[in-house]
Amino acid sequence: MAGVVTAIVLIVRAMNGHDQSMASGVGTAIWFAVLFGGVLAAGIALFTGRRWGRAVAVIAQVLLLPVVWSLLTDSHQPLFGSLLGIVVVGAIVALFAPASSRWMAQDYGELPEEPR
């Protein structure tokens, strides 16, 4: 959601004539809208029970792992890196938890019984 809002802000700034010598505000806005629009759509899909959103969510989390590493090391931002790392690892764990894996597999036939 934040990425989509950023895209809207960048387009409004570009339309108001803010200096764009460093980077194209419109191009950046389009990039944010496409990238984060897809992630937002995946989140809505998961919330409404559509399974395809899980793949997009997993890919987004895996792509955020290098960002976490960069924040922790080269960027010297351990607080932000730690917070983002907690969110990313928590999301990955939730996406691969047994309950979510059962939910993903329920349309593919009977599941074997769980060991006792």
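Note that this is a predicted model, so its numbers are computed, not measured.
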Show me the donor-acceptor pairs, under 3.5 Å and distance only, between side chains in residues 80-97 and residues at least two apart or in other chains.
residue	atom	partner	partner atom	Å
S82	OG	P78	O	2.7

### W69, CH2: over 12 other non-hydrogen atoms inside 6.0 angstrom
no
### Query
Linking Ile, Leu, Val, Met, Phe, Trp and Tyr by side-chain heavy atoms under 4.5 Å, what else ends up with V39?
none
### Under 4.5 Å side-chain linkage, directly or through intermediates, the cluster mates of L63
I59
#### Entry: Pairs where residues 73-83 contributes a residue and the test salt bridge (charged side-chain N to carboxylate O under 4.0 Å, His left out) is met, not counting sequence neighbours
none
### Query
Any side-chain heavy atom of R51 sitting closer than 4.5 Å to one from S100?
no
#### Entry: The single option from V67, V68, T73 passing side chain to side chain contact (heavy atoms under 4.5 Å, CB included) against L71
V67
### Pairwise side chain to side chain donor-acceptor pair (under 3.5 Å) hits with a residue in residues 34-49, at least two apart
T48-R50
### Message
Check for me, please, whether L46 and W52 land in the same ILVMFWY cluster - side-chain distances under 4.5 Å, paths through other members count.
### Response
no
